[in-house]
S.K.: 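I'd like to ask some things about the structure below.
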Amino acid sequence: MTTPDQTPASYRYTSALAGQIEQRWQDRWESEGTFEAPNPTGDLAGEITGDKYFIMDMFPYPSGAGLHVGHPLGYIATDVAGRYRRMRGDNVLHALGFDAFGLPAEIHAVETGEHPRTNTLSNIDNMRRQLRRLGLAHDQRRSFATIDPDFMRWTQWIFVQIFESWYDEEQGKARPISELRAEYESGARTAPDGTAWADLTPIERSVLIDAVRLAYIDDSPVNWCPGLGTVLANEEVTAEGRSERGNFPVFTRNLRQWKMRITAYSDRLIDDLDRVDWPESVKSMQRNWIGRSHGARISFPVEGIATPIAVFTTRPDTIFGTTYMVLAPEHELVDQLTTEAWPDETPLQWTNGAASPAEAVTAYRAMAAAKTDLERQENKEKTGVFTGSFATNPVNGAKVPVFIADYVLTGYGTGAIMAVPGGDERDHEFAESYALPIIHTVQAPEGFEGGAYTGKGVVINSTNDELSLDGMEIDDAKDAVITWLQAHGAGEGTTTYRLRDWLFSRQRYWGEPFPIVYDELDQPIALPDSMLPVELPEVPDYSPKTYEPEDANSNPEPPLARVPEWVHVELDLGDGPKMYRRETNTMPNWAGSSWYELRYADPHNADRLVDPENERYWLGPRKPGETGGVDLYVGGVEHAVLHLLYARFWHKVLFDLGHVSSEEPFHKLFNQGYIQAHAYTDSRGVYVEAAGVEERTDEAGVTTYWSGDEQVTREFGKMGKSLKNAVTPDEMYETYGADTLRVYEMSMGPMDVSRPWETRAVVGAQRFLQRVWRLLVDEDSGDLLADDAELDATTLHILHVTIDGVRSDMEHMRFNTAVAKLIELTNHLTKEGLRSRAAVEPLVLMLAPLAPHIGEELWSRLGHAETLTHEPFPVADPAHLSAASVTCVVQVLGKVRGKLEVSPDISDEELTALALAEPNVVRSIDGREVRKVIVRAPKLVSIVV
RNA sequence: GCCGGGUUGGCGGAAUGGUAGACGCGAUGGUCUCAAAAACCAUUGUCCGCAAGGGCGUGCGGGUUCGAGUCCCGCACCCGGCACCA
């Protein structure tokens, strides 16, 4: 409390009074369960009224640093939207859980020896406290953390579902492995080589089945990050070849790891983007990441080699322009293609000066292998070497030399290309260096200079005995050549993707253990439901084996492997007690967030991850053909291809297996902007506490910044500890109160745009709330000042225009302009000294979603016993939307020359006459002939002379 | 290079093709006070003018229109994503 001698008025809306009001209402909401949303069935079942509305925030990682004022921006926005929806009569589901597995807790554990769980739980407590003080209308019964054994159990259960599934291309969906096994056993299906199931050994059967599982173990190139001591998914590696987290170097290594067959869903993940309401930027990032391209796979035979070279191209129409071929240095056919000696007349520059192709290829491969991906990217100069072999172009029989070059990547397409220097800039560049012929197959426009022509045009130089593409447009030529190739067994139309399978195992302690054990034949076996969850064992040391970040040859070593008594376990999995070995990798921290939206709908269900009825109600499609999913999902854009892609994938698997009725987890996605902040550096470039910096403006109007006596430089960046510019919500509660913080954050700008924090501007929101308070409450006595006076026409008009505008702003998340409109209404009432219930009650109701505590307090002082949570949001009366008089603008030659106060239903003729008589308009016309008068009654008259 | 978003007062921002700058911060002046703070009131794009009024003004250059911040064409710069992806 502020001491009395500092506050002349004891009922002024100060931060102290705001604090009392806010905490009182937070207690009341909690004890009354105000924001508890009933479910159709189960332990949270209740009477349901209205339409359902499921709103969600991207759930937070409970950081030890606590929150700064940037964090709650999205939470406030969803809270306002949710509170508005409740007042519209909806049954609103809004809760917040915690994404509690993750690296920081593990690092903290390594440093302090404190168990990550202990530390994480205390961080969660702290965050819950900070968030509660913000007055968020969450259903507390539905909160959880991904580390809760109950939650983890279902994460593991989903893993087992994925492990026990395969993708049936014919049906275009995932199906249980049991159905595949049944098809094998019945003879309906045989192994790819034709062998019958009955003729396979148990091991062969396992291998056959394991090869198609949606979760599988694979020995292939993965991203190994010694600095983190773990492998990473492609999505977690930046374009610079470093870890997204920690920025450590990442190396490609062949390692045995778990993967998820997300590539089976490539098409659906792309196609269904058209069915969700997401920002175009995020959709485009996902499309790019999946990287679907349509083209053709074409075989180029090589004399003396059984396997032809398969290439992938998106431009099969240019095949007549193929003058050479290129294989990635790592391509498996390179050894066979490399000849003993250089063919006669091999140009010297094709050989790199080597005595034989074998020597040249070996040297080139060694050089390519020594380069990291990053170095390959940096050096864009095209290099390569001739293998000594020639391939045959299937369309015209031309012999073309086969090169290896590192500008062809092993991981994309087939790792081999038909090079068309006339139609591809990269091929052109290479052809120039190696003196290879260039044939154009598309007519370039006149005056085209430059090497490769990649634009539109008509096909030329493309004829053989049976086929002529000449004269065709490119798309028709593609179809024609694919048809021809297909008929001649030389190729087919096909699609490739950039997306790779999701590397799913991590060598960390603080993650979900895999519900997998290995038998004596080293075959992975999923644990039955009854043995879930598999909980983390206590370990003597939480650290993964750490390495020098640059030590590419180090090997991952999971911390769980150091607990032999946990790893080796006796279980009865159906054929009596036997010894098994547990999987010692853990899941990535994306696992829990890949399905948590489902658990909000039925958080305590012990029998199912979510009851189908509850899932259908909260997430199911509203109309046939819709995807269903959360009605509004708000979060930062940084998860565009990580979390959002993984969650869609898991959701689709669960949909295929019949566990959910929705095809997409999040129907509408909204990316909020960030709150940024100024930061200040001293002369040494060291950050100084932003809170202590003073701004000075001299007579010349030049602004400088000072930390004590030292001048400092202003920068702009993320808010946080490292830039010493963090402002905490706690400071704001203390100085202004939670409602002020909420209103300020919502009024700063549009939700999807980043904006700078400015503590000194927060007072504006407080002044606004104080004005509202003063309208209703006597600052000295605390008496209610509202009266029952009738509203004048002007006030009625302003009120209803405000209602109309605020409603529309709320619908479209334009909270900044909603606040502005409420301020305007308040300023009008204040200026006119109006305190009529007819105006202040709607004002309080409209303010309530933004500033719920002061809203509730004023509502209750107005004599209402019940919370306003479910009070109907005011509705504008169309009769009051038009004003008694309107300002009409009179333009002469497009410039405003006069203004008229006129009746809204004035006729065009009358308005024209008034306009032409307005003195300043007459002066502007200056006797010139009026050629045309455009009238948009009642707001505008435009006169042309 | 490709894709997406952006550029409006001193600052954050507002404007169905129809009064550019709502609302807020800051600044200036005032009320209250012994004084200060808080609060309240007024002014605040810029230039000319005593005023009435007028000129200029939404990154730059064109265009459409009676009228363009808004639509079209071209360009510059900034932010984000992807990038030798055949």
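In the text below, chain A, chain B and the rest are named by the order of the sequence lines, each starting its count at 1.
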S.K.: Is there, by distance only and without an angle test, a donor paired with an acceptor across the side chain of Gln891(A) and the base of G18(B) below 3.5 Å?
M.R.: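 When only heavy-atom distances are counted, Gln891(A) does reach the base of G18(B) through a donor-acceptor pair under 3.5 Å.
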
S.K.: Between Lys831(A) and A42(B), is there a contact of a side-chain N or O with OP1 or OP2 at under 4.0 Å?
M.R.: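 It does, given that an N or O in the side chain of Lys831(A) lies less than 4.0 Å from OP1 or OP2 of A42(B).
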
S.K.: Just confirming the chi classification of G9(B), syn or anti, using 90° around 0 as the syn window.
M.R.: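 Base orientation: syn.
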
S.K.: Only pairs with both distances under 3.5 Å count, Watson-Crick or wobble alike; so what is the partner of G57(B) in this structure?
M.R.: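 Base-paired to nothing in any strand shown.
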
S.K.: Under 3.5 Å, is there a donor on one side chain and an acceptor on the other for Ser293(A) and Arg498(A)?
M.R.: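 Judged by distance alone, the side chains do not pair up.
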
S.K.: Which nucleotide in the set C23(B), G12(B), C66(B) lies at the smallest distance from any side-chain heavy atom of Pro756(A)?
M.R.: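 Between C23(B), G12(B), C66(B), the one nearest the side chain of Pro756(A) would be G12(B).
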
S.K.: Does any nucleotide pair with U70(B) by Watson-Crick or G-U wobble geometry, both distances under 3.5 Å, and what is it?
M.R.: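 When the pairing criteria are applied, nothing turns out to pair with U70(B), so the answer is none.
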
S.K.: Applying a 3.5 Å limit to both distances, which nucleotide forms a Watson-Crick or G-U wobble pair with A39(B)?
M.R.: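 Its partner is U31(B) (Watson-Crick or G-U wobble, both distances under 3.5 Å).
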
S.K.: When we call it a touch if two heavy atoms are under 4.0 Å apart, what does Val896(A) touch: a base, just sugar-phosphate, or nothing?
M.R.: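 Sugar-phosphate contact only - Val896(A) comes under 4.0 Å of backbone atoms but never of a base.
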
S.K.: Please give the nucleotide sitting opposite U7(B) as a Watson-Crick or G-U wobble pair, both distances under 3.5 Å, or none.
M.R.: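 Result: A76(B).
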
S.K.: Using only side-chain N and O atoms of Arg771(A), determine if any of them is under 4.0 Å from OP1 or OP2 of G24(B).
M.R.: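 Yes.
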
S.K.: When only distance counts, do a donor and an acceptor, one from the side chain of Lys382(A) and one from the base of C84(B), lie under 3.5 Å apart?
M.R.: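 Flag set: donor-acceptor pair detected.
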
S.K.: Between Arg767(A) and C25(B), does any side-chain N or O lie under 4.0 Å from OP1 or OP2?
M.R.: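 It does, given that an N or O in the side chain of Arg767(A) lies less than 4.0 Å from OP1 or OP2 of C25(B).
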
S.K.: Report the base-pairing partner of G26(B) (Watson-Crick or G-U wobble, both distances below 3.5 angstrom), or none.
M.R.: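 G26(B) is paired, partner U44(B).
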
